[in-house]
Amino acid sequence: MATAAELDAPTKPLDTFRHEARDWIEANFPPALKHAGNAMATIEGPADESADETAWRTAMGKKGWGVPTWPQQYGGGGLTSAEARVLNEELGRAGAFNPIGGMGVMMFGPTLLEYGTDAQKQKYIPDIAMGNVRWCQGYSEPNAGSDLANIQTFAEDKGDHYLVNGQKTWTSGGQWADKCFALVRTDKSQKHAGISFLLIDDMHAEGVEVRPINLISGFSPFCETFFTNVKVPKENLVGQEGQGWTIGTRLLQHERNSLSGGGGSAARMNAGNGITALAKQYRGADEHGRIKDADLRSRIIRHEMDQRAFALTLRRAALDAKSNQGPSAATSIMKNVGARITQDRAELGVEIMGMNGLGWEGEGFSSEEINQTRVWLWGKAVSIYGGSTEIQNNVIAKRILGMLDHQ
Amino acid sequence: MATAAELDAPTKPLDTFRHEARDWIEANFPPALKHAGNAMATIEGPADESADETAWRTAMGKKGWGVPTWPQQYGGGGLTSAEARVLNEELGRAGAFNPIGGMGVMMFGPTLLEYGTDAQKQKYIPDIAMGNVRWCQGYSEPNAGSDLANIQTFAEDKGDHYLVNGQKTWTSGGQWADKCFALVRTDKSQKHAGISFLLIDDMHAEGVEVRPINLISGFSPFCETFFTNVKVPKENLVGQEGQGWTIGTRLLQHERNSLSGGGGSAARMNAGNGITALAKQYRGADEHGRIKDADLRSRIIRHEMDQRAFALTLRRAALDAKSNQGPSAATSIMKNVGARITQDRAELGVEIMGMNGLGWEGEGFSSEEINQTRVWLWGKAVSIYGGSTEIQNNVIAKRILGMLDHQ
Amino acid sequence: MAVLNEEQTMLRDMAREWADNESPVTAFRNMRNAAPAEGYDSAAWSEIGQMGWGGIVVPEAYGGSDFGYLSLGLVVEQLGRNLAASPLASVGPAATAIAMGSSDAAKNDWLGKIATGDAVATLAIDEGPVHDPATIATAVADGKLSGTKEFVAEGDSADLFVVAAADGLYLVAGDEGVTRHSRTMADARSHAQIVFDHAPATRLGGTDLTQKIVDRATAVLAAEMLGMAEQAFAVTNDYLKTRVQFGQPLSTFQALQHRMAKQFTELELMRSVVEAALEAIDAGRSDIDQAVSLAKAVGGETLKLVSREMVQLHGGIGMTDEYDAGLYLKRAAVLEAMWGNAAYHRERFARLNDY
Amino acid sequence: MAVLNEEQTMLRDMAREWADNESPVTAFRNMRNAAPAEGYDSAAWSEIGQMGWGGIVVPEAYGGSDFGYLSLGLVVEQLGRNLAASPLASVGPAATAIAMGSSDAAKNDWLGKIATGDAVATLAIDEGPVHDPATIATAVADGKLSGTKEFVAEGDSADLFVVAAADGLYLVAGDEGVTRHSRTMADARSHAQIVFDHAPATRLGGTDLTQKIVDRATAVLAAEMLGMAEQAFAVTNDYLKTRVQFGQPLSTFQALQHRMAKQFTELELMRSVVEAALEAIDAGRSDIDQAVSLAKAVGGETLKLVSREMVQLHGGIGMTDEYDAGLYLKRAAVLEAMWGNAAYHRERFARLNDY
């Protein structure tokens, strides 16, 4: 979603900025990294950073361009959205990438910039801007999934600090994280109004135990996290006690937008004839060059059209947001449609490859085939996390019907 | 659904009965009616009865074979279910049909035989057995559709009679009916327990007004029925006051079974290559003889398989019922699957015929084409009447999940 | 909603207001019951003419406003919401055929009258019950056109026909050599059989022009379908809020809520593809054909879903002619069949993309 | 439930009891984690042998019970409910190949051992990742068979292979000329590549026999899928009753109730088609091929629906390896691909019916 800032006048003519960005990238981007991915931005945990990667991250961090629109006083780039778009175009042009990402950039930073004190921003934002610190999200609990407001992790008031006890789950990247932003209960007598937003400074401190959860895909990007008598100073409270639900759901908006962006990137990734080519490669083409299996072909066509419609909807929503029409109604459907397309595509991929699309590891399967299996399984999560398809449907229904029988 | 009676031993050897039935049919069935339909059994209202039709109805009525398993003392045939099956086979063999049907036979008769007094049976059953009297169903009201127990038509106790006031809707064949079995409220203080089952002897009496409802298909098989100070003698109450919900839902079981039977007959009617032949006729075949439009063909294949699965399920449920395994779990799904198949088929028919499948009347369309339009539109009702698809899903959910958030 | 310029916003708002005030669904009912020979609401058409909507895609040089297809689509969408019985969706593409065509005489003679609503032009393309531009047999010899066209929208009264022949597109004006056979269809609109027997014809262009015009007509039809789907959804939505069963409004039943959410989701996708097709036409993009097939196929499935759910979720009264659900259902089915159904456009899209 | 005779009822009940007590899903987990070379639970297989299930489709003359395919299907269904890692679904059809085959020596040598579970026989048919019996290249010359078979169930340890060659079906016993290459697949079961290089082979019959055996194997597979779908549904159903969100069990949310009702509906249809295929085999009907394609296609779509809903309706924990949902999902996908997926069988059904 574009913000009002996107309509701001740039601080200098865009052409001037474009040349400045191009020159700086040329001077700083290590050519060896051309067209490489951004390890830090993924959920799969850190790869060992090469010297070139460290150099590039440090350069971008110092320049503030990893978080280009954040304020310069906290280590951001201080750019307008228009300039940030130009920067992004120039990075793409040079085969470069933004090496600074993760939950700190996508969710926590924007939220703290909105709700934090100046001291909190000074303490936490620069490290995020430099890509020095990994944050994880302490939200879900075993009995608070879709019903997030049911969290029970308790932060007991001990005068100058809180004593935190409880169990979180689905802590993304918990095993690699340095710090955690968490929803905790400071008042057991109220549901929503008893929730506060608290920062855990050290995920390696005593009393913090992190257990990776083994997923059906064979990955373990999430953890169960146990807090036992963890001391947290009171200055780590963001906003007021009881304001956690408001701040926490604001953060979820940032998450949802980044997931919609994910949908967008999925739409881009999936664009073209990828699945069609795969079908012809594995299943053959008929004498007219069409995918041979007519039944499969008819489903691929529908999928490709669905994806095209989704890409056009993302474009429409972005244009709506940029104009003065306000947020588009279309944004509420992005999560579900993105999930459906991702999952349909993975199902088609597995079907096309037949038994080869179900290889787990070892000999007899190409890396693309093993990857297909894993992506298919991992993809089952996209309709569950970040607000399940069912919760999104509740939200849409509330919007259109104006009422709900729960929540 | 087969009943326990189906397992009864026949009263005489079936072969003997078969010969008796064959001879009687040959002696009584007017050859001119061979392979004609049964006008009375349809919901579309009476056709003018020919002399042959009258003769056949009278003969079958006197013999009791229009309602072959009903007791002889009330004009039924007194046959076992096995004999009734043989009779049916012999009718089919001779190209004959059962001329006696309608709601009296399908729903009201079986219910009255179960709950009525001997006097009531003597009064009403013989006319049904002769096919002399048409019954209609006074159940639904404008604010009591899926929520049937919400009926408000009130039968006020006036000592020796009730005074009935209220409005019914969806009265099937109300404009052609002689009599009406109705759910009425005798107690406003209780919902289900305030309902009674009452017989209205004369649909042409003063105070009864019937207005046909024009449907989207252009047919008007249903009516709105208004009762204004209609006097009904107390002996017309079936069962006790307040027993109406029990009796009324028992009657609905008979309706549902006949609708499942309808599903069965739909499955039989639809069997074979009807829709495939239609597709090839209107849309052509490819060089291998396959339906030319591959997308359409793939949907026809799925539909045909769905129908085959449904037919096998009907067969399985019938076999279950005949054996000692009790009613099959499959019976709960019949209504919805039957509706889905009927509607899918009609949609495919319209799609295949293109603009020709949307003719309304007049020149330029064959009678099959006009019929396709009407059947398609009328078919939209099958997922609404007799317990909507949504209500059936509630019932299935209650069965499998053991609870419901309403009802 | 596409990003609109000021003219487009005004036009859309004006069309919406006019449709709601002057052409509600009851106006369609009245037309249907009166069954005028022309099969549309001629009083409303005269107003439309005065508002200049007949000229939205007519070049300014010929008295039109030349606002383009997104503008025409916005207006037709508003009319579609209320099932307005207007020839506008036929007139626009027919006007474009003349405007893009090679006959200056045709432009001079007709575009001005079309822009003011004084002439009704329409397309006569198909020769069977299913759209199939590859099998056109109509032929022209010595300036005389012969052939039989089926299901010509507004064919009962159109003043001029843009006719597809095997070798391209022609204009037939007037009644010489033209015989009209009325057809009564489920949507109660005009879809006549037109027999051309040596009708004097003016050549407009080749088969490439035919395809361009059919694509434009399809995009405008998709806009009508979008309006219908929107309104069918809105009416159902309102009904669920007011209808009480088991002591609570139907809108509180979660199973129904999720079905409405599903429809809403598909409607948003439909809006995107329909607007994209109209914009592609205005931008003169090279992939208009793909954009149009995407719009008709995706939009067609959505309207099918929404119009069927409209009947089902209204329950019994949805089956009565007194309620509007049946009207949307019938018109939806006719539009689905026109200019190629969803399956046709899926296949076309697939071939254009080499699937 | 098909109408069963007394033997069948006893067999089914016994299999259900055994599977629930001796072979719950935890037994499969243990096998998966231990990863034995044979890829199945050999202790359980030995019990199965003692119970005589290996001989359900073996003629009595050779020590079997000859109960038939409905009986075999009932047992495999019960095993499928708990994902029991047993070779039974491969052994049965392979035994039939020998029993129907033309070699008396093969019958005498092997059927008795198969009936007691002392020999594991399997089918080696496909030569690529997708079932395609029309493109078999394996050839036999001078009694020696050569060719490469892919994804042979139980191939890691089978004692004898029923092998499809271009001209018919052969039996290869022993290790001469046989090389096995293990494959690690998502379902953690045995699906080995088997390379036959001049392996001594006994002819069993022509390609018509191949088709008959593949149809039987497919029907038995469909029975396994039925058991899996039943149990996946039952586990989800139980979970919805116990999992509380927003202060109420998930089972009280109507949107979920209707999704469960949908699955239940499809399951009932699936049971009908699967049992009909098994009954068609036992009755020696002429349309076994159609019945089998119906079962695999309809059943395949149902298991797909139910296994995907199992994960989704379990929410986050459905994604964890600790819960069983993923095990059903993975095995379901493998069975869907075996012996032709739903699309393959829809096309076969259509051709058999001249659609």
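Predicted, not measured: the structure shown is a model, and the values here were computed from it. Side chains included, hydrogens not; waters and symmetry mates left out as well; all remaining heavy atoms used.
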**OP:** Mind ranking B/Asn356, B/Thr373, B/Asn393 by heavy-atom pairs under 4.5 Å with chain C and telling me who comes out on top?
**Re:** B/Asn356
Original post:
Between C/Arg259 and B/Glu390, is there a side-chain N and carboxylate O pair less than 4.0 Å apart?
Top reply: yes
**OP:** Please answer whether the main-chain N or O of B/Ser383 pairs with a side-chain N or O of C/Gln312 as donor and acceptor at a distance below 3.5 Å.
**Re:** yes
Subject >> Within-4.5 Å side-chain heavy-atom neighbours: B/Met355 and C/Met338 >> reply: yes
Subject >> Heavy-atom contact with chain C under 4.5 Å, split by part of B/Arg374 >> reply: neither
Subject >> Over 12 foreign heavy atoms within 6.0 Å of CZ, B/Phe154 >> reply: yes
Subject >> Evaluation steps, side-chain contact (heavy atoms from CB on, under 4.5 Å), between B/Asn394 and C/Phe253 >> reply: CA-CA 11 Å; B/Asn394 284 349; C/Phe253 288 90; 5.8 Å; no
Original post:
Relative to chain C, which segment of B/Thr389 carries a heavy atom at a distance below 4.5 Å: side chain, backbone, both, or neither?
Top reply: both
Subject >> Separation of B/Ile216 CD1 from C/Glu322 CD (nearest 0.5 Å) >> reply: 13.5 Å
**OP:** Would you mind telling me which of C/His181, C/Gln193, C/Glu150, C/Arg243 has the largest number of heavy-atom pairs within less than 4.5 Å of chain B?
**Re:** C/Arg243
Original post:
chain B: which of C/Arg308, C/His191, C/His131, C/Glu336 shares the most heavy-atom pairs with it under 4.5 Å?
Top reply: C/Arg308
**OP:** List the steps and the verdict of side-chain contact (heavy atoms from CB on, under 4.5 Å) for B/Arg283 and C/Val130.
**Re:** CA-CA 8 Å; B/Arg283 311 296 286 273; C/Val130 172; 3.7 Å; yes
Original post:
Looking at CD1 of B/Ile213 and CG of C/Asp321, how far apart are the two atoms once the value is rounded to the nearest 0.5 Å?
Top reply: 11.5 Å
**OP:** Search all heavy atoms of C/Arg346 against all heavy atoms of B/Asp295 and return the closest pair with its distance.
**Re:** NE-OD2, 2.7 Å
Original post:
Of the listed residues (C/Gly326, C/Ala343, C/Ala188), which shares the most heavy-atom pairs with chain B below a 4.5 Å separation?
Top reply: C/Ala343
**OP:** Could you look at B/Asn143 and say if it's the side chain, the backbone, both or neither that has a heavy atom under 4.5 Å from chain C?
**Re:** both
Subject >> Minimum heavy-atom distance B/Gly354-C/Ala337, with the two atoms named >> reply: C-CB, 4.3 Å
Original post:
When rounded to the nearest 0.5 angstrom, what distance separates OG1 in C/Thr320 from CG in B/Leu215?
Top reply: 7.5 Å
Original post:
Side chain, backbone, both or neither: which part of B/Leu358 has a heavy atom under 4.5 Å from chain C?
Top reply: both
**OP:** Could you have a look at C/Ala342, C/Ala350, C/Ala333 and say which one has the most heavy-atom pairs with chain B under 4.5 angstrom?
**Re:** C/Ala333
Original post:
At what distance, to the nearest 0.5 angstrom, does CD1 of B/Ile370 lie from CE of C/Met185?
Top reply: 9.5 Å
Original post:
Under 3.5 Å, is there a donor-acceptor pair between the side chain of C/Lys330 and the main chain of B/Ser217?
Top reply: no
Original post:
Would you say B/Asp147's side chain and C/Phe246's backbone share a donor-acceptor pair under 3.5 angstrom?
Top reply: yes
Original post:
What's the spacing between B/Lys380 NZ and C/Leu329 CG if we round to 0.5 Å?
Top reply: 6.5 Å
Original post:
Where on C/Leu256 is there a heavy atom nearer than 4.5 Å to chain B: the side chain, the backbone, both, or neither?
Top reply: side chain
Subject >> Value rounded to 0.5 Å, distance of CD1 in B/Ile384 from NE2 in C/His314 >> reply: 10.5 Å
